[in-house]
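The chains referred to below are lettered A, B, ... by the order of the sequence lines, with proteins before strands, and numbering in each begins at 1. Hydrogens, waters and symmetry mates play no part in the numbers below; they use all other heavy atoms, side chains included.
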Amino acid sequence: MRTHSPLVGLALILALCAPVFGAEGETAPPAPGENAPPDPVTLLSARDYLDNNDNGDKIEVTWCLSADDGGGAGDVLEYRIRRSSGPGVAGEVVGTVPAGTTSFLDEGVEPGEAYYYDVAAFDGGSESAPAETGPVTGRRNFFQTSRLPVLVLAALFFAMVLTFTRLAQRGANLFVRRIPGLTAVEEAVGRATEMGRPVLYVPGIGEIDDIQTIASLTILSHVAKITAEYETPLIVPTARSVVMSAAEEVVKEAYAEAGHPDNYSPDNIRYLSDAQFAFAGAVSGIMLRERPAANLYLGAFWAESLLFAETGFETKAIQVAGTANVSQLPFFVTACDYTLIGEELYAASAYLSKEPKLLGSLKGSDWMKVVSIGIMVLGIVLSLFGVTGFAGWFFTQ
Amino acid sequence: MRREIPLAITFLVGMFMLVDFFVPHTRVSAVGEEMKQWGTIVIAASILLGIGNLIRVHSKKIARRNTGWGYSIVCLTVMSVMLWFGLWPGERLGPSPLVGTIAQGSYFNWMYMYMDVPLQSTMFSLLAFFIASAAYRAFRLRSPEASLLLIAAIIVMLGRVPLGQLMTKGLPEKATLPWLTEAIMTYPNMAAFRGILIGAALGVMATGLRIILGIERSYLGGEK
Amino acid sequence: MQVTLIWATLAAILTLAVYSFLYKDNPFYKFAEHLVVGVSAAYYLVIYYYNFIDPNVISPIFKLEFGGAPIRILGMQWWMALIPGLLGLLLYARFFPKIGWVSRWALGIYVGGYSGLEIAPVMQARVLDQIRGGSLPLVVPHDPSTSFTNILLVVGLLGTLTYFFFSLKHKGVLGVLARIGIVYIMVGFGASFGYTVMSRISLLIGRVDFLRQVADSWIQWLAT
Amino acid sequence: MGLLEKFLQIDRRWIFLAIAIAVVVPFFLPMGLPVVVTKPVRDLYNAVDAIPPNSEPLFISVDYAPSTIPELDPMTLAVLRHAFSKDIRVVALTLDPAGYGLAERALESVAREYGKERNKDYVYLGFQPGIAAVVLGMGTDIKGVFPEDAYGTPLSEIPMMDGIRNYDQIPLLITMASSGVIEAWVIYAHQPYGARIGAGVTAVMATDYYPFLDTGQLVGLLGGMRGAAEYEELIKHPDAGVRGMDSQSVIHVLIIVLIVLGNIAYFGSKKRSQEAKEPAA
């Protein structure tokens with residue numbers, strides 16, 4: 001729908017220009033060889049850029065072609081657009097467009113300032129008399145209307161998350177189905193303890209601003225509490241400095257909470273390298289030399305995923321992986337013992353801790369899926385009846 | 001106060017960035033841009049935290065003569081040398097374009113091009129071997145689901161190489177391996193990934209909301 | 001002998017050292033592994049310094065005149081550069097137990113900001129756009145094959161979304177849909193796996209080609 | 001332990017060895033497996049082929065970084081060979097700073113093969129920062145965006161650039177891209193100016209851009225090493241692409257054979273022992 005407005009504008013311009021084209025035959029063509037300036041443009045107008053969502057720094061200038069462009073002497077080369085602050089003031093050239101063009105978008109105006117525009121046709125030697133229009137002012141917009149659907153659905157989603165969180169806090173019994181990969185995390189840690197070997201926990205190679213990393217740190221806190229109790233060493237290699245320091249805080253805290261602050265060893269939370277494959281190589285080295293019996297890869301992973309999973313398999317470790325990076329899931333699924341697929345990574349933290357805040361989010365996401373399916377089905381049904389505008393409403397930018 | 005101030009700031013900053021998406025007004029987006037810039041600077045400033053950790057872990061290893069302490073010397077030495085090449089203020093050494101710069105032809109650039117790049121891309125290429133061994137041991141017709149995985153993988157693998165094209169040459173177009181490959185990639189693959197994407201996106205948004213509202217603090221440690 | 005050939009030979013040796021890992025862990029690999037960790041750590045520190053810290057913090061504060069000309073448009077003054085600089089410094093407060101808690105401020109603000117930044121675009125690109133992409137007409141007049149593939153896509157998306165529905169046990173209709181979802185997911189994973197084989201092997205071919213070039217250069221050099 | 005069990009627990013280093021052999025051998029003994037040419041590749045080939053010799057030049061934008069050399073270098077070389085062998089003039093440029101040396105290397109080496117002269121048969125414009133600005137700018141005035149070539153010669157002094165003003169004088173522009181640059185060419189050159197764009201991309205990216213072919217936004221598309229091999233097949237000059245295809249075919253089949261053997265062994269031994277030794281995936 002948004003796309004319609006320029007079309008309407010174009011139709012309007014064409015309609016307005018039509019009489020000028022019709023009148024073209026009445027102007028006497030200049031004699032050949034005579035270097036008269038071209039005829040001026042007509043019906044010049046300028047207005048705040050139609051798109052509702054700009055920031056007030058654009059003004060659109062439109063006109064109808066000079067009679068010498070295409071017809072007449074046919075010698076127009078280009079149009080020069082000038083901008084000034086007052087009527088009749090000589091302005092600076094803000095743009096030139098080739099012959100045959102009837103509009104120009106000035107993207108460099110100061111919002112709120114009044115401007116005048118001159119447009120003159122130029123034939124290589126001389127300029128036509130300028131046509132002038134104004135004043136026109138670029139208006140700033142405070143809301144990007146094309147993004148309204150995003151706002152509406154995000155608000156709905158947040159309302160659901162917060163409602164469910166409140167419910168969970170009041171002790172409502174919110175059911176969450178069992179996630180098979182999850183129990184495997186605890187089993188894996190248990191087995192490492194039995195074997196007296198360390199647990200390796202890789203929180204991905206994402207930066208701390210990646211939500212997968214945050215989800216991973218939440219699970220890390222849970223895992224650290226178990227290893228603290230079992231007195232099993234927990235090795236956490238990281239590829240980002242900030243993730244390393246956050247992991248240190250999380251693990252230290254978890255050990256303190258579990259009542260074993262002395263078991264915490266800062267040397268086991270390690271920064272290795274920001275470089276993807278330097279990190280991958282160094283983690284492989286840890287697997288081969290320190291022989292962890294359980295490898296947990298939870299967070300954001302890229303191509304290094306398979307390098308970890310295959311090296312870990314070679315050391316006969318139990319491996320549990322989880323990531324929302326779709327392109328890496330196939331490798332984890334084939335090479336690890338259990339894999340948390342996509343959203344299961346986020347659900348995992350809720351399931352493990354049974355904390356109201358996490359349960360609330362999980363429930364909110366679930367019902368948002370129902371809403372999404374509803375919108376989709378409605379779109380499909382409507383399209384059966386030839387109504388396509390509904391899906392179009394979601395076309396945002 | 002230790003608790004409330006950072007939570008309040010987190011809330012304000014988070015909400016501002018959220019609102020920024022919907023407001024095209026310059027005043028808002030300029031501040032948003034500036035804050036994004038700050039974010040990258042904070043991250044860049046943090047790198048010393050990591051390097052400090054690296055130095056601590058390896059120096060301890062060397063001091064205690066733990067197994068492999070020799071390699072720790074390699075790691076720390078090469079790091080110091082490269083830092084010196086990259087950061088040493090040039091004027092103190094006289095007009096030397098090879099040190100204190102990262103331009104092409106400097107020692108720093110040589111080390112990057114002929115040590116870092118080949119080592120990393122070779123490690124990357126190890127995946128060619130691992131993809132084969134993973135396929136061999138994991139692609140078993142163990143269950144109906146595993147069989148689907150296996151069959152889809154085999155069709156696509158064949159459809160992507162000339163040999164696969166030859167195998168079904170002459171068949172009608174919609175029975176050839178390359179066509180089947182495209183069909184699998186375009187339909188089941190896309191539908192599945194779209195579903196995973198939607199689910200994961202909701203997880204991202206919910207977690208983001210919790211962080212802004214200060215409900216999620218576990219990443220800071222010291223939650224309770 | 002050319003300097004480049006010496007460097008390239010070093011790169012070739014390092015390449016082989018990494019491949020020796022395929023046989024088993026060995027001193028050559030350990031050497032290469034520690035080398036690349038050292039080199040890349042130095043690389044990142046130097047690059048971060050030149051690209052972020054120097055132009056955005058050091059230069060505006062120390063190299064330009066204090067209180068001098070604005071360093072950026074839109075009225076941002078030189079002292080604005082102090083904010084990210086200070087936030088970056090705050091991260092290091094954790095080494096001083098008494099004020100360690102302020103390091104959480106920087107982290108909280110940073111993570112909060114990025115969470116807010118992410119929410120709306122994720123909603124747009126990974127939820128709304130995907131739903132829109134999934135809303136396909138099930139009956140396309142005069143085009144049975146498009147109708148068929150559209151049905152395939154819609155059913156797959158519904159199934160996958162159902163699989164990620166955690167609030168109810170997967171029984172009955174839900175069970176059937178979740179089962180369909182798993183089928184799609186497995187086919188999708190198999191296909192992606194098979195699809196990636198080719199590019200991983202291309203990487204390996206690239207490295208082998210590099211080794212061949214180095215060998216060629218040596219032969220040429222020995223011949224002259 | 002029977003033979004089948006032994007095969008199940010085969011040391012994976014044998015698999016590694018087989019892969020290594022499969023990659024290295026075709027380097028020395030090219031098998032020359034026939035390559036079937038697909039439509040997107042043939043379309044691009046035809047578009048290049050239709051450019052008249054010694055007239056308006058083919059533009060090639062080398063928009064990739066060193067990490068994708070194995071996939072994209074062979075394509076660039078094949079297209080350059082095609083052009084030079086038919087005396088089609090070439091103008092090369094890059095929008096990726098890392099592509100500067102790569103473009104130069106490819107251009108110079110193929111030009112030498114065919115005895116072509118710089119600034120007469122081909123021009124190298126070098127790198128300009130700002131992707132969208134460059135692509136849009138070329139729509140109005142190429143010489144405004146690239147006032148001089150990569151070696152400092154003003155374009156106005158290069159005879160072969162006479163009259164080459166904007167996309168109207170470019171019969172075809174091919175971007176060899178390892179990133180989203182390809183979209184910039186489509187959005188800022190094809191959409192507003194009607195430029196004819198062809199592309200070469202990595203294998204992983206190729207699926208994302210097939211839809212652009214249907215809509216005519218791309219004239220043709222080369223995807224990964226296979227695309228390069230098909231192009232080499234069309235110009236009858238097999239090189240790294242075709243050689244790589246031999247390795248690719250052998251390894252793909254090798255993996256499939258391994259999977260099949262693994263399954264036979266798995267079911268054979270399962271029948272005997274009735275218990276799976278493998279952990280579940």
Counting C-beta onward and ignoring hydrogens, is there a side-chain heavy-atom pair between C/Val197 and B/Arg160 closer than 4.5 Å? no
Which atoms of C/Tyr195 approach chain B - backbone, side chain, both or neither, heavy atom under 4.5 Å: both
Taking all atoms of both residues into account, what is the closest heavy-atom pair of C/Ala120 and B/Phe21, and its distance? CB-CD2, 3.3 Å
Heavy-atom contact with chain C under 4.5 Å, split by part of B/Phe85: neither
Chain C interface, residue from B/Phe108, B/Phe139, B/Trp110 that has the most non-hydrogen pairs under 4.5 Å: B/Trp110
Looking only at heavy atoms, which two atoms of B/Arg194 and C/Gly133 are closest? And how far apart? NH1-O, 3.3 Å
Go through the atoms of C/Phe210 and report whether side chain, backbone, both or neither lie under 4.5 Å from a heavy atom of chain B. neither
Pair C/Val46-B/Met82, side-chain contact (heavy atoms from CB on, under 4.5 Å): steps then yes or no: CA-CA 9 Å; C/Val46 172; B/Met82 194 154 164; 6.0 Å; no
Heavy-atom pairs under 4.5 Å with chain B, option from C/Glu118, C/Met123, C/Arg94 with the top count: C/Met123
I'd like to verify something: which residue of C/Tyr114, C/Phe95, C/Phe193 has the highest number of heavy-atom pairs under 4.5 Å with chain B? C/Phe193
If you count heavy-atom pairs under 4.5 Å with chain B, which of C/Ala106, C/Gly112, C/Ser103 comes out on top? C/Gly112
Region of C/Phe165 in contact with chain B, defined by heavy-atom distances below 4.5 Å: neither
What part of B/Ala206 gets within 4.5 angstrom of chain C, counting heavy atoms only: side chain, backbone, both, or neither? neither
Beyond-backbone contact of C/Leu204 with B/Phe129, side-chain heavy atoms, under 4.5 angstrom: yes
Establish, from distance only, whether the side-chain atoms of B/Ser125 and C/Tyr19 form a donor-acceptor pair under 3.5 Å. yes
Between chain B and each of C/Tyr110, C/Trp7, C/Phe164, count heavy-atom pairs under 4.5 Å; write down the option with the most. C/Trp7
Report the option among C/Gly88, C/Ala41, C/Gly108, C/Ala17 that has the most heavy-atom pairs separated by less than 4.5 Å from atoms of chain B. C/Gly108
For the interface with chain C, which of B/Ser46, B/Ala192, B/Gly195 has the highest count of heavy-atom pairs at distances below 4.5 Å? B/Ala192
Using non-hydrogen atoms only, which part of C/Leu45 is less than 4.5 Å away from chain B: side chain, backbone, both, or neither? both
Under a 4.5 Å cut-off applied to non-hydrogen side-chain atoms, are B/Leu197 and C/Val127 in contact? no
Tell me, for B/Ile154 versus chain C, whether the close heavy atoms (under 4.5 Å) come from the side chain, the backbone, both or neither. neither
As an exercise: rank B/Gly214, B/Gly50, B/Ala201 by heavy-atom pairs under 4.5 Å with chain C and give me the winner. B/Ala201
Which label fits C/Phe189 and B/Phe193: parallel for a plane angle under 30°, tilted from 30 to 60°, or perpendicular past 60°? tilted
Please flag which part of B/Ile47 lies under 4.5 Å from any non-hydrogen atom of chain C: side chain, backbone, both or neither. both
Between B/His58 and C/His34, what is the ring plane arrangement, given parallel below 30°, perpendicular above 60°, and tilted in between? perpendicular
Does any backbone or side-chain atom of C/Ala125 lie under 4.5 Å from a heavy atom of chain B? Answer side chain, backbone, both or neither. neither
Heavy-atom pairs under 4.5 Å with chain B are the metric here; pick the option from C/Val187, C/Leu91, C/Ile205 that has the most. C/Val187
Going by side-chain contact (heavy atoms from CB on, under 4.5 Å), C/Met186 matches just one of B/Leu148, B/Leu150, B/Ile151. Which one? B/Leu148
Tell me, yes or no, whether the heavy-atom count around C/Tyr50 atom OH, taken from other residues, nucleotides or ligands under 6.0 Å, exceeds 12. yes
Less than 4.5 Å to any heavy atom of chain C: does that hold for the side chain of B/Phe11, its backbone, both, or neither? neither
Flag side-chain contact, heavy atom, 4.5 Å: B/Lys36 against C/Leu117: yes
Side chain, backbone, both or neither: which part of C/Tyr29 has a heavy atom under 4.5 Å from chain B? side chain
So which part of B/Ile211 gets closer than 4.5 Å to some heavy atom of chain C, the side chain, the backbone, both or neither? side chain
Which bit of C/Ile53 comes within less than 4.5 Å of chain B, counting heavy atoms only: side chain, backbone, both or neither? side chain
Of all the heavy-atom pairs spanning C/Ala42 and B/Met79, show the shortest one and how long it is. CB-O, 3.6 Å
Which bit of B/Met123 is near chain C, if near means a heavy-atom gap under 4.5 Å: side chain, backbone, both or neither? both
Side chain / backbone / both / neither for B/Met185 at chain C, heavy atoms under 4.5 Å: side chain
Side-chain contact test, heavy atoms from C-beta onward, threshold under 4.5 Å: evaluate it for B/Asn189 versus C/Ser192 and give yes or no. yes
If you take all heavy atoms of C/Ile201 and B/Ala128, which pair is closest and at what distance? CA-CB, 4.2 Å
For each of B/Leu127, B/Val42, B/Leu49, tally heavy-atom pairs with chain C at distances under 4.5 Å, and name the one with the top tally. B/Leu49
B/Ile196 versus chain C, the contacting section by heavy-atom distance below 4.5 Å: both
Is any side-chain heavy atom of C/Val39 closer than 4.5 Å to one of B/Tyr112? no
Max heavy-atom pair count under 4.5 Å with chain C, selected residue of B/Met15, B/Met115, B/Met113: B/Met115
Check B/Leu119 against C/Ala32 and note the closest heavy-atom contact, atom names and distance. CD2-CB, 3.8 Å
Within-4.5 Å side-chain heavy-atom neighbours: C/Ile151 and B/Tyr187: no
Heavy-atom distances under 4.5 Å only: say whether C/Phe31 touches chain B with side chain, backbone, both or neither. both
Using non-hydrogen atoms and a 4.5 Å limit, figure out which bit of B/Ser147 sits close to chain C: side chain, backbone, both or neither. neither
If we ignore angles and hydrogens, is there a donor and acceptor under 3.5 Å between the side chains of C/Arg207 and B/Thr122? yes
Which atoms of C/Tyr43 approach chain B - backbone, side chain, both or neither, heavy atom under 4.5 Å: both
Is any side-chain heavy atom of C/Arg179 closer than 4.5 Å to a side-chain heavy atom of B/Glu145? yes
Which atom names give the shortest non-hydrogen contact between B/Pro118 and C/Ala11, and what distance separates them? CG-CB, 3.6 Å
Honestly, the part of B/Phe16 sitting under 4.5 Å from a heavy atom of chain C is neither
Between B/Gly199, B/Gly39, B/Gly70, which residue shows the highest count of heavy-atom pairs closer than 4.5 Å to chain C? B/Gly39
